[in-house]
Amino acid sequence: MRHVIALDVGGTGMKAALIGADGELLHEARRATGRERGPDAVVEGILGFAAALRAYGVEHFGEPAAAAGVAVPGIVDEDRGVAVYAANLGWRDVPLRELLARRLGAPVALGHDVRTGGLAEGRIGAGQGTDRFLFVALGTGIAGAIGIDGRVEAGAHGFAGEIGHVVVRPAGVPCPCGQRGCLERYASAAAVSEAWAAASGDPEADAADCAKAVTSGDPNAVRVWREAVDALADGLVTALTLLDPRTLIIGGGLAEAGETLFTPLRDAVRRRVTFQKVPSIVPAALGDTTGCLGAGLLAWDLLEPTDRTEVTT
C-alpha cells in the first residue's frame, strides 16, 4: 500500500503518522524528543523514529514509504532542507532533509512547524476552499502562515509570517528577539499565563485558568484578558492591512478558550478597521494533528502529480 511518513517535531514530543494515498491515517505514533540529552540526541531521535516508521510500513503494508514530510520549530531553510536554529531544541544548521533522505532512501520535505500547520488548515481544515488565508498560532510564542491558493508563502529568507514579532507596544516589554513590545509578549498563551499568575497571586495559574476566571466575571481576569485581546487585535489589523486575507484562522493553546477569545477579538478587530475588509475570523479545525497532517501534505507534494493526495481527517 503506497504511503508517506508524516512527522511533527515539537519542543518536547514528536507526533507521526503513515498516510495512505487516499488520505487515510494508517498508523499513528508519538515519542519524546529527548531534548534533555542535547541537540545531537534530538537529531538521532528523529532519524531513529523515522526509520522505525519506515520499518513499520514495510512490515504492515508491504513497501517502504514513498516520501516523508517533517515539520520542525525555529528557523527553517525549506529550500536547502536545513533546520537553521531552534532555541528549545538547541540545534543549529542541521541538514535534516539530507540526513533523513539518506536514512530512509526516499525524498524528504522539511517545513517550518507553523507554516506546515497552516498548510493543513488551509487545504483541509478551517480554510479549505479559501484562496487567501492567514493562520496564526497562539502558543508559547506567536507565529503565522500566509496561505495563497493552496500553498504557504515562506518569504525570501524563510521568515514570512512572524507576526509575533510585530511591535504593538513601542518601548514595551523586552522580547528575546531584541525588540521591545512584540505581540507575543502580550498575547501569546505564555504571556497571558504570566500576567494572570501575577494578577492572581498563584504562580501555577495559566492562560486556561485565566479564561475560566473571565467567564466567572473575575475583574482582574477580565482586565488581563482584555489587554491581551487588544494587543492581539492591534497585531492582526496590521497583518490584514498588509495581506488582505479572506479568512483569518486562529489556533494554538489560547484558541482553546473558544468564544471567550473569539467574541471579544472579532469586536476588537472590527473597531480598529477603517477601509480594510474584515476577514472571517475562525478557530483552527485540526487540533494537535495539524502539524502532522501538514507534514503529510508536504510529503505527497514531492511525488508525481498522479501520486499526490489530499489528506483528509
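Since the model is a prediction, treat every value here as computed from it, not as a measurement.
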> Dump the intermediate steps for side-chain contact (heavy atoms from CB on, under 4.5 Å) on Leu53 and Leu18, then the final yes or no.
CA-CA 7 Å; Leu53 292 163; Leu18 299 182; 4.1 Å; yes

> Are Leu25 and Leu293 close enough, and set up right, to give a side-chain contact (heavy atoms from CB on, under 4.5 Å), and what steps lead you there?
CA-CA 9 Å; Leu25 291 173; Leu293 292 168; 4.2 Å; yes

> Asp209 side chain to Asp206 main-chain N or O, any donor-acceptor pair under 3.5 Å?
yes

> Nearest 0.5 Å please: distance from the CG atom of Asn88 over to the OG1 atom of Thr12.
8.5 Å

> Using the rule that Ile, Leu, Val, Met, Phe, Trp and Tyr join whenever any side-chain heavy atoms are under 4.5 Å apart, tell me whether Leu104 and Val94 fall into a single cluster.
yes

> Would you check if Val269 and Arg266 make a side-chain contact, meaning some heavy-atom pair closer than 4.5 Å?
no

> Which heavy atom of Ala120 sits nearest a heavy atom of Leu297, and at what distance?
CA-CD1, 3.8 Å

> Tell me whether Glu184 contacts the main-chain N or O of Ile142 through its side chain, where contact means a donor paired with an acceptor under 3.5 Å.
yes

> When you look at Glu194 and Arg185, which way does the side-chain contact (heavy atoms from CB on, under 4.5 Å) test go after all the steps?
CA-CA 10 Å; Glu194 182 181 339; Arg185 298 298 295 127; 4.0 Å; yes

> Roughly how far, to the nearest 0.5 Å, is the CZ atom of Phe135 from the CD1 atom of Ile163?
12.0 Å

> Is it the case that the side chain of Glu121 and the backbone of Leu286 share a donor-acceptor pair, with hydrogens and angles ignored and the cut-off at 3.5 Å?
yes

> So which atom in Gly287 and which in Thr290 form the shortest heavy-atom distance, rounded to 0.1 Å?
O-OG1, 2.7 Å

> Is Ile5 close to Ile19 at the side-chain level, that is, under 4.5 Å between some pair of heavy atoms?
no

> Applying salt bridge (Lys or Arg N to Asp or Glu O under 4.0 Å), run through Asp301 and Arg123 and close with a yes or a no.
CA-CA 12 Å; Asp301 283 352; Arg123 285 199 198 172; 2.7 Å; yes

> Please round to the nearest 0.5 Å and tell me the distance separating atom NE2 of His3 and atom CZ of Arg54.
9.0 Å

> How close do Ala16 and Leu7 get, heavy atom to heavy atom, and via which atoms?
CB-CD1, 3.7 Å

> Looking at CD of Gln276 and OG1 of Thr241, how far apart are the two atoms once the value is rounded to the nearest 0.5 Å?
3.5 Å

> When rounded to the nearest 0.5 angstrom, what distance separates CD1 in Ile250 from CG in Leu232?
6.0 Å

> My understanding is that only residues two or more places apart in sequence, or in another chain, count here; which of them pass ring pair (Phe, Tyr, Trp, His ring centres under 6.0 Å) with Phe262?
none

> Please determine whether residues Leu110 and Leu303 belong to a single hydrophobic cluster, defined as Ile, Leu, Val, Met, Phe, Trp and Tyr linked transitively by side-chain heavy-atom distances below 4.5 Å.
no

> Applying salt bridge (Lys or Arg N to Asp or Glu O under 4.0 Å), name anything that partners Asp77, two or more places apart in sequence or on another chain.
Arg80

> Tell me whether Ile148 shares a hydrophobic cluster with Val136, the cluster being built from Ile, Leu, Val, Met, Phe, Trp, Tyr side chains joined at under 4.5 Å.
yes

> Just wondering, do Glu78 and His112 contact through their side chains at under 4.5 Å, heavy atoms?
yes

> Is it the case that the side chain of Glu24 and the backbone of Leu26 share a donor-acceptor pair, with hydrogens and angles ignored and the cut-off at 3.5 Å?
no

> Is a side-chain donor or acceptor of Arg246 paired with a backbone partner of Thr130 at a separation under 3.5 angstrom?
no

> Determine the minimum heavy-atom distance between Val76 and Arg115, stating which atoms define it.
O-NH2, 3.8 Å

> Heavy atoms, side chains only, cut-off 4.5 Å: are Leu240 and Pro245 in contact?
yes

> Output all residues satisfying salt bridge (Lys or Arg N to Asp or Glu O under 4.0 Å) with Glu256, sequence neighbours left out; order by chain, then residue number.
none

> Is Glu28 salt-bridged to Lys15, going by a charged N under 4.0 Å from an acidic O?
no

> Might you confirm whether atom CZ of Arg169 has over 12 heavy atoms from other residues, nucleotides or ligands at distances under 6.0 Å?
yes

> Would you mind reporting whether Cys175 and His165 have side-chain heavy atoms less than 4.5 Å apart?
yes

> Is a side-chain N or O of Arg272 found less than 3.5 angstrom from the main chain of Ala268, in a donor-acceptor match?
yes

> According to side chain to side chain donor-acceptor pair (under 3.5 Å), who are the partners of Asp79, at least two apart in sequence or on a separate chain?
none

> Please identify which of these residues, Asp149, Thr247, Asp244, meets the side-chain hydrogen bond (donor to acceptor under 3.5 Å, both in side chains) condition with Arg132.
Asp149

> Linking directly or through intermediates, with side-chain heavy atoms under 4.5 Å: list the remaining ILVMFWY members grouped with Tyr85, chain and number order.
Ile75, Val82, Val84, Phe159

> Looking only at heavy atoms, which two atoms of Ala160 and Gly155 are closest? And how far apart?
CB-N, 3.6 Å

> Is there a donor-acceptor pair under 3.5 Å between the side chain of Trp225 and the backbone N or O of Ala213?
no

> So, the side chain of Tyr186 versus the backbone of Val173: is there a donor-acceptor pair under 3.5 Å, distance only?
yes

> Does Val58 belong to the same Ile/Leu/Val/Met/Phe/Trp/Tyr cluster as Val108, with side-chain heavy atoms less than 4.5 Å apart forming each link?
no

> Could you pull out the closest heavy-atom pair between Ala199 and Val224, with the gap in Å?
CB-CG2, 3.9 Å

> First locate atom OG1 of Thr289, then atom CG of Asp8, and finally report the distance between them rounded to the nearest 0.5 Å.
9.5 Å

> Given side-chain contact (heavy atoms from CB on, under 4.5 Å), test Ile249 with Leu134 step by step and report yes or no.
CA-CA 6 Å; Ile249 306 165; Leu134 176 63; over 6 Å; no

> Apply ring pair (Phe, Tyr, Trp, His ring centres under 6.0 Å) to His27 and list each qualifying residue two or more places apart in sequence or on a separate chain.
Tyr56

> Check step by step if salt bridge (Lys or Arg N to Asp or Glu O under 4.0 Å) holds for Arg103 and Glu98.
CA-CA 9 Å; Arg103 182 72 65 96; Glu98 178 185 345; over 6 Å; no

> Any sub-3.5 Å donor-acceptor pair from Ser200's side-chain atoms to Asp202's backbone N or O?
yes

> If we only count heavy atoms from C-beta on, is the Cys177 to Cys182 side-chain gap below 4.5 Å?
yes

> Just wondering, do Val192 and Cys210 contact through their side chains at under 4.5 Å, heavy atoms?
yes

> Arg35 side chain to Val42 main-chain N or O, any donor-acceptor pair under 3.5 Å?
no

> With a 4.5 Å limit on heavy-atom distance, are the side chains of Leu248 and Val282 in contact?
no

> May I ask whether Val114 and Leu242 are part of the same hydrophobic cluster, defined by side-chain heavy atoms of I, L, V, M, F, W, Y residues being less than 4.5 angstrom apart, directly or through others?
no

